[in-house]
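Just so it is clear: chains get the letters A, B, ... in the order the sequence lines come, proteins before strands, and each one is counted from 1. Just the heavy atoms: all of them, side chains too, but no hydrogens, waters or symmetry mates, feed the values below.
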Amino acid sequence: MGQQSSRTSAGKGKGKEFVKEITPQAVDYSQWYIDVVLKTEMMDYAPVKGCMAIRPYGYAIWEKIQELLDRRIKETGHQNAYFPLFIPQQLLQKEAAHVEGFAPEVALVTRGGDEKLSEPLVVRPTSEAIICDFYSRWIQSWRDLPLLINQWCNVVRWEKVTRPFLRTSEFLWQEGHTCHRTEEEAEAEALKILGLYQEFLETEMAIPVIAGRKSEREKFAGALRTYTIEGLMRDGRALQAGTSHNLGQHFARVFDITYLDQDDTLKYVWQTSWGVSTRLIGALIMVHGDDRGLVLPPQIAPLQAVMVPILSKKAKDEVLAAAHRLTGILQQQAGIRLKLDDREGYSPGWKFNEWEMKGVPLRIELGPRDLQKEQVVVVRRDNGDKETLSWTELPRRLPLLLDQLQEDLYRRALQYQQEHTRSGADYDEFLQVMEHDYGFYVASWCGREECELKAKEESKATIRCIPFNRQLEHESCLVCGEKAAELVYFARAY
RNA sequence: CGGGGCGUAGCGCAGUUUGGUAGCGCGCUUGGUUCGGGACCAAGAGGUCGCGAGUUCAAAUCUCGCCGCUCCGACCA
């Protein structure tokens with residue numbers, strides 16, 4: 001692990017620095033991120049470069065993402081299935097652009113046991129190739145369409161630069177792979193899923209995103225068109241949070257996925273593929289987190305509230321009994337994910353800091369004084385607001401507080417995104433912005449890759465997406481000044 | 001893949017310049033006193049010094065190689 005001496009050694013006094021050992025964002029954002037994922041026990045590094053263990057607290061978040069997203073995927077008519085981890089190398093090589101795109105980062109298995117394999121096996125970097133191989137046999141007739149399948153799995157991409165959750169050599173994701181009769185239907189599917197992703201991120205994860213199309217240069221290897229949702233992190237850099245591809249007939253042609261249509265002619269299917277990954281956890285951390293650690297939106301938080309009893313010597317038994325009773329009632333009547341932290345040997349203050357670092361949305365304090373008045377103190381993680389509530393109103397009030405917190409997190413994130421979105425036609429200003437403040441820069445573009453590359457070389461920013469249905473704000477290209485064709489979002493990206 | 005930093009107990013570090021039997025703080029264990037924002041006392045446990053070669057009577061320390069983490073640049077969910 002790297003060294004960081006950026007700690008603020010706040011001393012032992014009752015200062016404001018309760019959460020020790022997390023580098024402040026303003027000091028070193030990258031180090032803040034690393035500190036948070038390690039100290040909150042979301043992950044731990046593996047002995048193999050770029051790999052990690054996702055620890056229970058991190059995995060619980062992934063399970064919430066899976067639960068909420070899987071429901072949506074099924075509600076739109078998709079079924080889950082599982083395809084093999086190993087792909088014969090020749091299969092991957094069938095689609096030219098696809099191989100070219102993934103070749104630099106595939107892991108290859110050349111031995112099995114003590115025998116050399118006659119044909120090397122690729123560890124899936126994505127499953128288009130292997131799934132298309134199956135689809136070519138499963139699809140015969142127009143009646144077999146549309147075919148709507150999703151799988152949850154791990155994939156491997158041999159990355160050179162890795163960061164926990166954001167880019168690892170192995171990661172978890174879901175990948176949908178669909179086949180359709182017509183181009184229109186495939187296009188509609190790709191857009192429907194993008195909308196589904198956007199709705200999921202905004203309502204469940206409280207992360208606002210910009211939805212749009214990728215430029216030719218940025219699109220998926222082998223796709224006709226790639227759609228994306230882009231989020232803005234707290235350091236002003238953009239993160240691609242999900243993608244949806246209209247694959248056209250590129251794969252259908254090389255994998256020979258054909259069906260006999262009603263007019264008695266053999267036709268190639270139109271395909272889509274789409275996915276989101278454990279990278280979403282990284283987005284969650286960066287969009288909402290603060291100097292005290294994680295801040296989790298209630299919908300995604302494994303724990304929505306934690307009750308901390310304050311155990312004075314005389315009232316210890318009574319407080320604990322009341323805390324247990326209240327916890328049970330709230331779990332049932334309020335239907336919230338609540339934990340009672342009744343560990344002994346940790347002071348209340350220690351527990352406060354611990355759960356704040358882990359981002360639990362609400363803390364409920366119950367002490368001897370509260371016992372007499374049959375009340376508790378409830379504290380919000382996001383803004384520290386405290387309120388005293390009677391036991392009787394808790395079951396009704398807690399869900400409302402959680403809803404409010406969820407909404408506030410989204411609003412705050414949206415406000416940040418808007419405040420860090422500039423638009424203009426001044427290339428020098430654009431370079432300045434990308435040098436110092438980052439954020440989105442909305443500009444006009446002529447559509448030529450030459451300008452895209454020039455901007456990238458000079459600013460390190462890329463075209464993150466071309467948003468839907470937006471009027472040009474300026475007539476000429478930000479870079480070359482020629483007639484503009486499209487409105488685009490530039491940003492420095494993860 | 002190129003450049004910089006780092007790797008000593010679970011975590012943070014000292015020790016390396018000038019080779020000579022591995023130390024501090026936190027955490028952990030046990031017992032006791034505590035408990036409304038990281039409590040205190042006492043007694044303990046815990047280390048092949050990233051891995052592998054080499055130099056040497058002797059290597060955490062010197063030499064070479066490799067691995068990993070991290071930051072900055074070229075490719076990507």
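B/C13 sits 22 Å from B/U18 when the C1' atoms are compared, rounded to a whole Å. Spacing of C1' atoms, B/C11 relative to B/C64, comes out at 32 Å, to the nearest Å. Distance check on atom P: B/U16 versus B/C6 gives 15 Å, rounded to whole Å. Comparing the same atom, P, in B/U61 and in B/C51 gives a spacing of 11 Å after rounding to whole Å. B/G44 sits 14 Å from B/C24 when the P atoms are compared, rounded to a whole Å. Across B/C28 and B/C66, the matching P atoms stand 41 Å from one another, rounded to whole Å.
Remark: the A/Thr272 side chain and the A/Trp274 side chain contain an N/O donor-acceptor pair separated by less than 3.5 Å. In summary, the side chains of A/Glu187 and A/Tyr227 do present a donor paired with an acceptor at a separation below 3.5 Å, with no hydrogens or angles considered. Under 3.5 Å, the side chains of A/Gln271 and A/Tyr135 contain no donor-acceptor pair of N or O atoms. Side chains of A/Tyr33 and A/Asp28: no donor on one and acceptor on the other come within 3.5 Å. Between the side chains of A/Gln375 and A/Thr388, no donor N or O sits under 3.5 Å from an acceptor N or O.
Among the atoms of the strands shown, only primed sugar atoms or phosphate atoms (P, OP1, OP2) are found under 4.0 Å from some heavy atom of A/Lys313. Using a 4.0 Å heavy-atom cutoff across all strands shown, A/Val308 reaches no nucleic acid atom at all. In this structure, A/Pro309 reaches neither bases nor backbone, as no heavy-atom distance under 4.0 Å exists between it and the strands shown. A/Gly384 comes within contact range of no nucleotide atom at all, as no heavy-atom separation falls under 4.0 Å.
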Please lay out, stage by stage, how A/Ser169 and A/Val48 fare under the test side chain to side chain contact (heavy atoms under 4.5 Å, CB included).
CA-CA 9 Å; A/Ser169 294; A/Val48 176; over 6 Å; no

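Pairing of B/U17, defined by two Watson-Crick or G-U wobble distances under 3.5 Å, is not identified with any nucleotide. A 3.5 Å limit on both hydrogen-bonding distances identifies B/C6 as the Watson-Crick or G-U partner of B/G68. Across all strands shown, B/C28 forms a Watson-Crick or G-U wobble pair with B/G44, both key distances being under 3.5 Å. Under the Watson-Crick and G-U wobble criteria, each requiring two contacts below 3.5 Å, nucleotide B/A58 is left unpaired. Across the strands present, B/A77 finds no partner; the criterion is a Watson-Crick or G-U wobble pair with both atom distances under 3.5 angstrom. With a cut-off of 3.5 Å on both Watson-Crick or G-U wobble distances, the partner of B/U34 is given as none.
Under the side chain to side chain donor-acceptor pair (under 3.5 Å) criterion, A/Glu457 pairs with no residue at all, not counting sequence neighbours.
Taking side-chain N and O atoms only, A/Tyr346 has a distance below 4.0 Å to OP1 or OP2 of B/C28. The phosphate of B/A39 (OP1 or OP2) has a side-chain N or O of A/Ser347 nearer than 4.0 angstrom.
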Classify every nucleotide of nucleotides 72-77 of chain B by which part a protein heavy atom approaches to under 4.0 Å, writing B for the base, S for the sugar-phosphate alone and - for neither, in 5'-to-3' order.
-BBSBB

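Heavy-atom neighbours of A/Trp158 CH2 from other residues, nucleotides or ligands within 6.0 Å: at or below the threshold of 12.
If you check B/A39, B/U34, B/G37 against the side chain of A/Asn353, the one that comes closest is B/G37.
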